[in-house]
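We count ligands from 1, going down the list as the structure has it; atoms in each ligand are counted the same way.
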Amino acid sequence: MARTRATFVCQNCGAVTNRWQGRCESCGEWNTIVEEAPASGIGARAAQGAVPGRVLDVEGLTGESRPDPRVETGIAELDRVTGGGFVPGSVLLLGGEPGIGKSTLLLQACAAMALRGARVVYVSGEEAIPQVRLRAVRLGLAGARVELAAATNVEDIVTTLREGRRPALVIIDSIQTMYSHVIESAPGTVTQVRGCAQALIRYAKTSGATVMLVGHVTKDGQVAGPRVVEHMVDAVLSFEGDSSHHFRMLRAMKNRFGATDEIGVFEMTGLGLTEVANPSALFLAGRDASAPGAAVLAGMEGTRPLLVEVQALVAPSPLGMPRRAVVGWDANRLSMIVAVLEAHAGLRFGAHDIYLNVAGGLRIAEPAADLAAAAALVSSLSGAVLPPDAVYFGEIGLSGAVRPVIHSGLRLKEAAKLGFRRAIVPESGRDSFENAAPDIRLLTCGHIATLASQIVQSAEGEAVLRPAGRRSAG
Ligand code: TYD
Ligand code: MG
């Protein structure tokens, strides 16, 4: 038999090296490299014939299987993100910055489920019982039958959970504070976090309880600790928001039981997190439509239309290298739109600072925002105020062509619901959404140069924004 050489494996990213190092070269984490004997890996003993495996039944892709049962919390925005409620036996990881409201949200979810008669257990490793109680009183939830525990030892927690009726939901707040006697490293270390997560996942899978792990995030927004925890759980949710704004967004980054593009919107009030059923109204509140540089995007978040204001400020720069700053959008996308406007619409941004902001702290990722961003930029550059009752959506190609985007009909309906009367939309694909919202006048735009020149002309008092295509039936 060949001489077995030990290998060194990073417990954070899984990179293998052949000598020990203090810092992993792949992921940059410190003290995560651990010696592992090659013959001790999973499957090693079976491969040597020491433990014979048994033959498994294999099955086809078709066959009878029931849809996953769901346990709803009754908090509609949370249930939307999980894909219609928690799946029994699943494990979720909720990440978010400190103070964003993770504990508040989960305490509210626990109370809502307890009021529906389910057994829920809230294990806090960070706060003492009186603190959690105080919060419950403030939230008006003190009457709910939530079982509280302040504990950090995973063996104790699992033993407690196995007593009595199977809980529907178990909260572990947070996974970084947990430790296991079996693992010889300090709480919070990669090995501890991973081992504790494993123990809790095993508990969830064998008992059928849903376990929600709270995870801290690092400065760059990643869930701290081993990335492997993200791979081990069934769903990773992220709770985001700007601490200077009241609303918070819950997003699914990964979901084995549902779509990942849904968001839940909450508002942090004195009475905890309240659901926001109509986020567009919230994001457009306090809008000043009489200033140049603001365009309303008829956007989509998952399957949900969302109107937001895209604001641009283009100002002459005293600097040799003018500034380009973006909040809530992609900086590369901004550079691209500016380049397209310069190349195909004859505008000059070279001597200007450009600031682009998505109002309300929302982050937009979809290319449909191109047209709204371009309109806001041209409006600010030229000083022309855009029509206050207009929404924009469309993707801009490098040639300046405005391309169709998905869900146009839904975007128009949402705009109509919020009182908008015009929509500046791509020309192609118009037939598919022409009749979606009869109250909205469609102004189609085939090339960004057309829209840009109309906005510039309106600044010079020559014309208001004119329809670029045929008028819709409405
Ligand atoms: P918390 O849930 O403790 O955050 P996390 O668990 O993510 O660290 O939220 C704490 C913040 O929420 C705190 O700064 C105060 C605020 N808050 C309210 O504004 N209203 C409330 O009713 C509650 C309970 C908290
Ligand atoms: Mg907390």
Applying side chain to side chain donor-acceptor pair (under 3.5 Å), name anything that partners Arg248, two or more places apart in sequence or on another chain.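 With sequence neighbours excluded, Arg248 shows a side chain to side chain donor-acceptor pair (under 3.5 Å) to no residue whatsoever.
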Show the distances, to 0.1 Å, for all pairs joining an N/O atom of ligand 1 and a protein N/O atom that are shorter than 3.5 Å, listing one pair per line.
unit_1	atom_1	unit_2	atom_2	d
ligand 1	2 (O)	Ser103	N	3.2
ligand 1	2 (O)	Thr104	N	2.8
ligand 1	2 (O)	Thr104	OG1	2.5
ligand 1	3 (O)	Arg135	NH2	2.7
ligand 1	4 (O)	Gly101	N	3.1
ligand 1	6 (O)	Ser103	N	2.9
ligand 1	6 (O)	Ser103	OG	2.6
ligand 1	7 (O)	Ile100	N	3.4
ligand 1	7 (O)	Gly101	N	3.0
ligand 1	7 (O)	Lys102	N	2.8
ligand 1	7 (O)	Lys102	NZ	2.9
ligand 1	8 (O)	Gly99	N	2.7
ligand 1	20 (N)	Thr269	O	2.9
ligand 1	22 (O)	Gly270	O	3.2
ligand 1	22 (O)	Gly272	N	2.9

Is [X] salt-bridged to [Y], cutoff N-O under 4.0 Å?
| X | Y | value |
| --- | --- | --- |
| Glu97 | Lys102 | no |
| Arg304 | Glu77 | yes |
| Asp370 | Arg333 | yes |
| Arg23 | Glu29 | no |
| Glu414 | Arg411 | no |

Only counting residues at least two apart or in another chain, list the ones meeting side chain to side chain contact (heavy atoms under 4.5 Å, CB included) with Arg256.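 Once residues adjacent in sequence are excluded, the partners of Arg256 under the side chain to side chain contact (heavy atoms under 4.5 Å, CB included) criterion are Asp234, Lys254.
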Exam field: side chain Ser280 to backbone Leu307, donor-acceptor pair closer than 3.5 Å: yes
How about the Mg ion (ligand 2), which protein N, O or S atoms come within less than 2.8 Å?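 You should have found Ser103 OG.
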For Phe247 and Phe283, run ring-ring contact (aromatic ring centres under 6.0 Å, His included): C-alpha distance rounded to whole Å, both residues' side-chain angles, the deciding distance at 0.1 Å, then the answer. CA-CA 9 Å; Phe247 42 86; Phe283 286 115; 4.7 Å; yes
